[in-house]
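See structure below.
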Amino acid sequence: MIYLFYLIFYGFLLTAIVGLLASWIDRKVTARVQYRVGPPVLQPLIDIVKLLGKETLIPKGASKMTFLGAPLAGLASVILVSTLLWVNNVSSNSTFLGDLIVVIYLLTIPSVSIIMGGFASRNPLASLGASREMKLILGYELPFVLAVFVPVIKSGFSIRLGDILNYQLQNGVIIGSWSGFIAFVVVVMCIQAKLALVPFDIAEAETEIVGGPLIEYSGSGLAVYRLMKNMLLFVLPFFLMILFMGGLRFDGIHLLWGILKYVGLVAIITVIRNTNPRVRIDQAVRFFWGPMTVLASISVIMAFLGL
Amino acid sequence: MNLGNELFKFDALANFVGIFITLFSLLIVIYSFGFMRQRKGMFQYYIYIILTLLASLGVVFSNNLILLIVFWGFLGLLLYLLIGFGQKERTPSTAKKAFIIIGGTDALMLLGLAFIWKIAGSLTMDKISIALNTKVAIWTYLCLAAGAFAKAGAMPFHTWVPDTAEDAPTPVTAFLPASLDKLLGIYFLARITLDIFQMNGAMNTLLMGLGSFTIIAAVMMALVQHDLKRLLGYHAVSQVGYMVLGIGTGNPIGIAGGLFHMLNNTIYKSCLFLGGGAVEKRTGTTDLDKLGGFAKIMPVTFVTFLIASLAISGVPPFNGFVSKWMVYQGIIDTSKDGSYLWILWLVAAMFGSALTLASFMKLVHAVFLGQRSKEQKAPSDNRKETSSSMLIPTVTLASLCVIFGVFAYQIPLKLFIFPSLKMTDTVFYGIWSPGLATGLIIVGIVVGIIIYLLGTVAKTRETEIFVGGEIVKEHPEMRLSGTEFYNTIKEMGFLRTIYRLAEKKVFDIYDIGKTITSGFNKVLGTLHNGVLPTYLAWCLLGMIILFFILLR
């Protein structure tokens, strides 16, 4: 029963609130960069509520179950992974739910749900966008896996998140070492792609394929996808903080530190997204399989050498 | 001396493999009632299936290596005969190819048996224990492993699997290359690796290297296939890599993961083949360009196919994830021996799993989702499932995928895997509680449904799709089948060269062998020019040499 509480409170409500706030920060900063005023704080929430009031349209001949079920699967997996991260961060000796490998696998499900939703819409543009999303996954998965294992190597080959946190508590954060820093840079690039933000928003590319997988979504389905994406805006940086920055701590000044770390990460993501143009899919894959994989390999080798 | 104990043995590993061999045979027979209806020679077909079952059980339960290889050879012949039931033009040559590759490695195994007799002086499996410290022992191991690899379809003896998958009847493919041959090949590999030989680090590294290479290379080939069954055939090869990798780690959790993956793979792979067969039966084609949009027409088949696809891609909480996760832990565990190569194997395995996901997304799109092709437009708009005898096996297997994933510790690991390796469940050092996760996922979905109900999901409206204002009905060519999804990757840098070479079958051991053989033929063939004096000259020359040697 206690897990149910964790899930509803931490996994869903808290994550959603922080995610919506982060989304507001992102939009506000973007607006300021473009000399606009930007939306009020509640705007991301208002958007979702408004979408819930809109009519739910389903493309003719599509499998309704898949079309409406895909957003649910994505949302459920984000809630699950968020609960996992929260519990393991709060009590680092717990053996709750899963380890690093589980998190890596759970984090692909939101993308898979978007792909399935796009496929189910029977729209050629959606199929095209979903296939780009899949190619993007192929692209970033290689450097992502390499870089994520740098903390594992550093913390003595443990794949438990708690052990990685404990190691950082005693020996300083992993981003403080050279190998950790390089791996961190690689992972930031990868989560930019995981969040489907510019320059890696190739799958959705509003100006080109009209939202790609989301083109046929409206009303409730789109609202759930929106919520899922906003929650990912919290979950992915949080995952990064646990792996590289010692997680979130709740004693006194450390809490402020944690909030600063998170806001800093969101700021980095926003800055990247506002200063780059969209790349083509083959350029993105080349970027991840080329320079990023090389950087990640270097960081792994340096981690083996103890740097 | 009890002859029964000498020739047969019934330990936990053999029992576990035997149980599943019987289960799969039963399911395939049920499926064949539907799929093979109205074909000729069905009497022989079912006889062959039953003989295959008996021979496989013989392999699993024999304790004497000679007995084992007799059953093993018999299986090769039955495979040849069963492929012959295919109705494609290339079927005979495919059957020949499979027979030659399997038969050739059988010969290697015989050679290995001779070596074993020389080294150990016994052919009873539970009495042999050979250390891999001499050259002969290493060659013996390699000979036997070649047999296991060819049977299971690991590289470099894999090339018969995709061809067979494409040209043999679907139940046969689901029966032999996808399930029984995997079980038997990996069973034999586990036997020789765990019982007969004492492994050393170098051999383990070789196994892990071969496994990783198999995963990546085969799945890269699968990514660009245009045929439903051929694509699945390449995955049948790629998944073997995880099993070889797991067994190659040499530590308990890795080996348990490898065996568990063998079991899981047989379950979801035959489910995929059988689901694909249902579509094939309905449309008469397996060309991905001509399929599409079947989710609405065959909803049950679609759901089973989707579950099996997610399971093979290692999406939690299905069974494929648990075994992959165990293999990964085994790989990380090898770092304790001071090895640095583990990160390479790990990345290969995890990246291979992403590639698997990619090719299954393509497959699901091309067959079940996406836009319907022109060829399938005609009467197929109304819902029409396949016959129940074809649904029972797929539904059974898909539910096994879920059950073995969610209750992984309680059912498959506790009942089958751990007893066969004589170990307990204390080996894990990672964390994964599938039951709890499934419960929480369900709660998460309920949360999503509540959000839906707050919205307008109760009354939906159907609309035409929007393609920038074009009317799709008037432009049937505005359609993505899915086969072209990964062309950008195919055209990328050095991958393009590799794909080109692979299309020319440069990496096919059978074609290499064929080239060498026909090369010899050409040289020797020039001697047979049909002119009598030439032949007489050769005879004379031979006699002179003979006399020279004998009378010297």
Side-chain angles (χ1 to χ4, degrees), chain A residues 3-4 7 12 52-61 63 66 68 71-72 75-76 79-80 83 95 97-99 101-102 105-106 109 112 115 119-125 127-128 131 134-135 137-138 141-142 145-146 149 157 159-160 210 215-216 219-220 223-224 281-282 285-286 300 304, chain B residues 293 295-296 299 302 314-316 321 325 328-329 332 335-336 340 343 346-347 350-351 354-355 357-358 361 364-365 369-371 429-433 436-437 440-441 443-445 447-449 451-452 454-457 460-468 478-480 482 485-486 488-489 492:
Chain A
Y3 295 131
L4 205 61
L7 183 111
F12 179 60
L52 282 175
K54 297 273 179 195
E55 193 179 19
T56 304
L57 302 176
I58 291 176
K60 199 169 265 178
S63 160
T66 323
L68 289 178
L72 293 185
L75 183 72
I79 296 178
L80 183 70
T83 317
T95 53
L97 204 61
D99 52 35
I101 294 175
V102 175
Y105 270 82
L106 284 177
I109 300 184
V112 173
I115 293 171
F119 283 174
S121 354
R122 312 193 72 180
N123 186 320
L125 292 182
S127 299
L128 189 67
S131 83
M134 193 63 237
K135 279 181 272 194
I137 295 181
L138 287 188
E141 198 70 8
L142 185 62
V145 168
L146 269 170
F149 273 89
F157 308 113
I159 50 173
R160 295 189 179 191
V210 213
I215 183 171
E216 292 294 334
S220 313
V224 170
I281 182 67
D282 61 321
V285 175
R286 244 181 260 269
V300 165
F304 274 133
Chain B
K296 197 92 175 169
F302 166 60
V315 171
F321 174 72
W325 173 73
Y328 298 159
Q329 286 180 58
I332 297 173
S335 64
K336 288 185 183 135
Y340 293 118
I343 187 85
L346 187 71
V347 168
M350 289 184 82
F351 185 55
L355 288 165
L357 178 71
M361 284 295 120
V364 167
H365 177 268
L369 300 169
Q371 303 87 46
Y429 55 88
I431 316 162
W432 170 233
S433 7
L436 179 63
L440 293 182
I441 286 176
V443 176
I445 288 178
V447 170
I449 289 176
I451 297 177
Y452 265 179
L454 291 176
T456 55
V457 85
T460 56
R461 184 161 63 90
E462 287 204 344
T463 51
E464 290 292 338
I465 55 170
F466 176 78
V467 190
M478 271 208 304
R479 164 179 181 271
L480 286 180
F485 274 2
Y486 304 119
T488 27
I489 287 172
M492 202 168 281

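To find a chain, count down the sequence lines: A is the first, B the second, and so on, and within it residues start at 1.
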Proximal component of [X], with respect to chain B [non-hydrogen, under 4.5 Å]:
| X | result |
| --- | --- |
| A/I58 | both |
| A/A120 | both |
| A/L57 | both |
| A/I159 | side chain |
| A/I115 | side chain |
| A/F157 | both |
| A/S121 | backbone |
| A/L125 | side chain |
| A/V300 | side chain |
| A/E216 | side chain |

Nearest 0.5 Å please: distance from the [atom1] atom of [X] over to the [atom2] atom of [Y].
| X | Y | atom1 | atom2 | answer |
| --- | --- | --- | --- | --- |
| A/F12 | A/L80 | CZ | CG | 14.0 Å |
| B/E464 | A/N123 | CD | CG | 11.0 Å |
| A/L7 | B/I441 | CG | CD1 | 10.5 Å |
| B/F485 | A/M134 | CZ | CE | 11.0 Å |
| B/S335 | A/F149 | OG | CZ | 10.5 Å |

Which one, [options], leads in non-hydrogen pairs under 4.5 Å with chain B?
| options | answer |
| --- | --- |
| A/I215, A/L142, A/V224, A/D282 | A/L142 |
| A/K54, A/E141, A/R160 | A/R160 |
| A/P71, A/S127, A/S63 | A/S127 |
| A/L138, A/L75, A/I137 | A/L138 |
| A/V145, A/L4, A/I101 | A/I101 |

Heavy-atom check, side chain of [X] versus side chain of [Y], under 4.5 Å:
| X | Y | answer |
| --- | --- | --- |
| A/T66 | A/F119 | no |
| A/V102 | A/L106 | yes |
| A/T56 | B/R461 | no |
| B/V447 | A/I79 | yes |

### Message
Ring-plane angle category for B/Y340 and A/F304, please: parallel below 30°, perpendicular beyond 60°, tilted otherwise.
### Response
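Rings of B/Y340 and A/F304: perpendicular, over 60°.
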
Against chain A, work out which of [options] has the most heavy-atom pairs shorter than 4.5 Å and name it.
| options | result |
| --- | --- |
| B/Y328, B/F302, B/Y452, B/W432 | B/Y452 |
| B/I445, B/L436, B/I449 | B/L436 |
| B/V364, B/I343, B/V315 | B/I343 |

### Ion pair B/E462/A/K60, N-O distance below 4.0 Å
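No.
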
